[in-house]
Amino acid sequence: MSERLLEVKDLRTYFKITAGEVKAVDGVSFFLNHSESIGLVGESGCGKTTTALSTIRLLPDNGYIHSGQILFEGRDITNLPEKELRDFRWAQASMIFQGAMNALNPVQKVSDQIVEAILLHEKVTKRDALERVKGLFDLVGIDVKRVNAYPHEFSGGMRQRAIIAMALACNPKLVIGDEPTTALDVMVQAQIIDLINDLRHKLNMSMLMITHDLSIITETCDRIAVMYAGKIVEYGKTDVVVRKTLHPYTDKLIHAFPNIYQPRVMVESIPGDPPDLFNPPAGCRFNARCEHAVKGLCDCKEPPLVDMGGEHFVACHLRGGNQ
Amino acid sequence: MADKDPIVSLKDVEVNFNIRQGFIKEYILRDKKIVHAVDKINLDIARGEIVSLVGESGSGKTTTGRAILRLADTTAGDIIFNGESITGKKSKAWNREFRKHAQMIFQDPYQSLNPRFTVFDIVTEPLTLTNSDANLAEKEMLAIQALEFAGLRPAVDYLYRYPHELSGGQRQRVSIATCFIMAPEFIVADEPVSMLDASVRANILKLFVGLKEEKGASILFITHDLSLAWLISDHVAIMYMGRIVEYGPADIIAGGCLHPYSQALTSVLAMVGEKRRMKRIILEGETSSPVNLPKGCRFASRCPIAQQRCFEEDPEYRPIGEDHYICCHFPQPIGQLNDEED
């Protein structure tokens, strides 16, 4: 078995709109080893969700993979036909959706919705599937007696747990979490993070986590990939990226969160707006908002993602590459 | 609560909501269900300070804010605004006068702005509603001032745009300008940054600090984010099921909390690039809605250090140190700092 579970190579995902094409993901490469977890972090509109949706080929109708390769256990799924994709999704890679309120069907029992997912992928009887659902409920910490409940009878935290149970229904090798804790209360958020960490150890689960909240990534992920305007600007082990930050954008992002253990200083915003991906700027995409930007270099030449040693990659002319 | 002349003072304020259950249950069986959204709250907000009201959803923090602005009726207790009781005040004329002094900023900038109004219409609407006698040119001047203060520069570029042409951060700035055009002394800001990206959040927060420092406004900042409360406020009040369980200087969030609930909340905060300083206290279950209140402390069933007395006797809201109030029988630090463990 190869070590790599998922490998994304130079992925470009574009969206067709009436005026042309939006380059939502523009040359993203990363990999994920077995039983590892990686977090994609960035502002809204940076392409993190599009990257994740591309890896399970779940893009909306106007989106398409322009070029690049997605290898899942060495198998190229970039051009897999829809029929085979259906077997691949959920059985191999599943997703925990964001809105626990909206991701469940309100007129169907929660257990039936999970049973449905199992029956679509495996040849088991309905009774066996229901037994498995009970096991899953137990695993994610929902009382098995609640197996006949409808979504509205669950609290927000329980619904999120049910969605996690659903994602685990077919023992996938990869679970993608799209802001799995965003709409939850602080304490419930802590419970769900604990649950996810616990499940990762128990089931040896690999995970791709999408969030805008850096602190959640530091709690759950081994690796972190910081995205900006459709590109990965920094990538490496979570500890290294957070403590030995190289890219100015990552640095700004970290300092946008208050730190209660440091003296009270106002957090800093990143000046300006993210660039328009319909017409991305030349050179480094962050150059217009970067205080270190060098004229004639950063706004002309695009920085490559270079390895700074120890699998810590950065795409910046000043902090990485050829000094 | 040392301040002798607070701008807002809540005394045993209660806000209850009836749950409609249908005619038979309510009127024949006399089975009325009541949500005690806010239950005997005491809180003073001094002039020129930011007080954060922190709590999970359903803790009654928004209802408290709305009650102060007379947007929700109080069931019992008294609210004093500028030395005058405003409980039960309703008349249109009074309202018009009151709104010049107290304003609210809502959470969702995508829904709180009328999509058919231009920014100019939105920002100057309060002037129209309070029968301001400013003419069009003066209104435009005021709108420009307000927008520039809110960081939309040059304001002339934004005056005749519609909300859909603005980003989330810009919309929230329009909300703030709308509130600021009345130059109110008191503002309730209900989760004003929770819909915004971390990278734009900071500038909006700075506006609130600016309102306080430059204009001397007092602000009740409602948030679920403890680290933001710590960052911008002078005092914090932590709510649980309709009660303020702890009140104190904002610094208590960084490790000075004594109520078990506040300690649990602060213990799960993760700081990017920092080691944990406290043992995580993860509470079981979720906050239930305050419909049938238990006899004793309402936190007792989830409290890690609850004792028999907690289930029998409702704790009193009492001072525990200078400027520090608590609603607990056995306040004590439970998640000690530990250096050995990560």
Side-chain angles (χ1 to χ4, degrees), chain A residues 41-46 141 154-158 182-195 212-220 224 228 238-239 241-245 249-250 252-274 289, chain B residues 54-59 151 167-170 194-206 209-210 224-233 240 250-255 261 264-278 280-289 302:
Chain A
V41 67
E43 289 171 85
S44 34
C46 72
F154 278 6
S155 65
M158 280 165 80
T182 299
L184 303 171
D185 274 326
V186 191
M187 196 45 74
V188 182
Q189 203 167 342
Q191 290 169 355
I192 298 290
I193 288 174
D194 259 21
L195 174 67
H212 64 273
D213 190 342
L214 262 172
S215 63
I216 290 172
I217 296 216
T218 55
E219 300 244 297
T220 51
I224 180 169
Y228 182 76
T238 308
D239 262 9
V241 172
V242 165
R243 286 171 211 250
K244 298 194 179 114
T245 311
Y249 176 67
T250 318
K252 289 269 184 197
L253 202 61
I254 290 173
H255 285 101
F257 291 90
N259 187 334
I260 61 169
Y261 298 131
Q262 299 294 330
R264 195 154 80 157
V265 283
M266 199 59 203
V267 287
E268 286 301 322
S269 280
I270 307 174
D273 295 309
R289 299 171 83 186
Chain B
V54 195
E56 293 178 280
S57 46
S59 62
S167 69
Q170 288 170 337
S194 66
M195 308 281 286
L196 304 177
D197 259 319
S199 59
V200 284
R201 205 168 57 178
N203 280 336
I204 303 286
L205 292 173
K206 277 185 194 154
V209 176
H224 65 278
D225 190 328
L226 285 149
S227 53
L228 289 188
W230 169 81
L231 185 68
I232 74 158
S233 45
Y240 183 74
D251 288 339
I252 58 169
I253 287 176
Y261 178 65
L265 283 184
T266 49
S267 75
V268 297
L269 287 179
M271 294 299 123
V272 180
E274 288 273 344
K275 276 187 172 181
R276 288 201 166 279
R277 305 263 175 109
M278 281 181 266
R280 296 209 307 160
I281 309 161
I282 304 233
L283 302 171
E284 304 257 316
E286 284 169 52
T287 315
S288 56
S289 69
R302 296 175 75 195

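In what follows, chains are A, B, ... by sequence order, proteins preceding strands, each numbered from 1. These numbers were taken from a predicted model, which means no experiment stands behind them.
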Interface residue of largest heavy-atom contact number with chain B, from [options], under 4.5 Å:
options	result
Ala256(A), Pro274(A), Ser215(A), Pro258(A)	Pro258(A)
Ala190(A), Gly141(A), Pro271(A)	Ala190(A)
Gln262(A), Glu219(A), Met158(A), Lys252(A)	Glu219(A)
Ile193(A), Asp273(A), Asp194(A)	Asp194(A)

Please check: side-chain N/O of Asp185(A) versus main-chain N/O of Ser57(B), any donor-acceptor pairing under 3.5 Å?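 At least one qualifying donor-acceptor pair exists.
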
Under 3.5 Å, is there a donor-acceptor pair between the side chain of Ser199(B) and the main chain of Ser269(A)? no

Check whether any side-chain heavy atom of [X] lies under 4.5 Å from a side-chain heavy atom of [Y], and answer yes or no.
X	Y	answer
Lys206(B)	Glu268(A)	yes
Met266(A)	Ile232(B)	yes
Met187(A)	Arg302(B)	yes

Side chain, backbone, both or neither: which part of Gln189(A) has an atom under 4.5 Å from a heavy atom of chain B?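 No part of it gets close to chain B.
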
Identify which part of Val265(A) has an atom lying under 4.5 Å from any heavy atom of chain B, answering side chain, backbone, both or neither.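 Only the backbone of Val265(A) comes within 4.5 Å of chain B.
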
So, taking the atom named [atom1] in [X] and the one named [atom2] in [Y], what distance separates them when rounded to the nearest 0.5 Å?
X	Y	atom1	atom2	answer
Ile260(A)	Asp251(B)	CD1	CG	10.5 Å
Glu56(B)	Leu184(A)	CD	CG	10.5 Å
Leu269(B)	Phe257(A)	CG	CZ	12.5 Å

If you count heavy-atom pairs under 4.5 Å with chain A, which of Ser233(B), Gly255(B), Ser267(B), Gly58(B) comes out on top?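 Winner by heavy-atom pair count: Ser233(B).
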
Interchain contact, Asp197(B) with chain A, by part (heavy-atom threshold 4.5 Å):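 Asp197(B) touches chain A through side-chain heavy atoms alone.
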
Under 4.5 Å to a heavy atom of chain A? For Val200(B) that would be backbone

